[in-house]
Amino acid sequence: MFGKMKLDNLRALYLDELKDAYDFEHQILDGLPKMEKAATAEELKAAFREHRGETERQVGRLEQIFQGLGERADRKTCKGMKGLIAEAEEYIKARGDDDTRDASLIAAAQRIEHYEIAVYGTLKAYARVLGHQEQVRLLQQTLDEESKADRKLTELAEKGINVSAVA
Ligand code: FE
Ligand code: ZN
Ligand code: FE
């Protein structure tokens, strides 16, 4: 049995949350190509492909942060993301109409982006109070990419994918 988590101070909590993020970004790296393959609309495929490239760079930023803290980059299983990816996989495997599947993939992907936005917002607040200005900057870059990915998905949904799925 694993021991209880020990959290003595905000630095320990920051490190724990960084390991969670480092894990979920890897889960997303594995998930995005499956979503790209399952998508039908070219623009949606492209959005997933583009965000995978960004996700690789986000992993790199987390590694820079671990390095800056003098800590090893470790993954701690993110159970929340496991659940979100499991839901995305149900949609990936679903049979039926292509437009409706695209709409379902957008729904799953936006849950994932919102989860990430929540975590990075918290991480940024911790980095700031701990006085790690360079890390605040790195986390803001990632936060901006997650927000942009989320807005792009909204745009694709509202521009046509949801409408096509109605019929
Ligand atoms: Fe991410
Ligand atoms: Zn998590
Ligand atoms: Fe993301």
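Just so you know, ligand 1 is whichever comes first in the structure, and atom 1 is the first atom listed for that ligand. Quantities reported herein were computed from a predicted structural model and do not represent experimental measurements. FYI, side chains are in, hydrogens and waters are out, and symmetry mates aren't considered; it's all heavy atoms of this structure. Heads up: numbering here begins at 1 and tracks the sequence.
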### Query
Should the pair Arg52-Glu36 be classified as a salt bridge under the 4.0 Å nitrogen-to-oxygen rule?
no
Which of Asp99, Asp97, Asp98 passes salt bridge (Lys or Arg N to Asp or Glu O under 4.0 Å) with Arg101? Answer is Asp98
By side chain to side chain contact (heavy atoms under 4.5 Å, CB included), Glu42 pairs with (sequence neighbours left out) Lys45, Arg49
Q: Decide side chain to side chain contact (heavy atoms under 4.5 Å, CB included) for Leu138 and Ile65; before the verdict, give the C-alpha distance in whole Å, the side-chain angles of both, and the deciding distance to 0.1 Å.
A: CA-CA 8 Å; Leu138 291 167; Ile65 291 173; 3.8 Å; yes
field: Sidechain N-carboxylate O distance under 4.0 Å for Arg151, Glu155
entry: no
Given a cut-off of 2.8 Å, the protein N, O or S atoms lying below it from the Fe ion (ligand 1) are Glu25 OE1, Glu25 OE2, Gln58 OE1, Glu116 OE2, Glu146 OE2
field: Carboxylate-amine/guanidinium contact Lys148 Glu54, below 4.0 Å
entry: yes
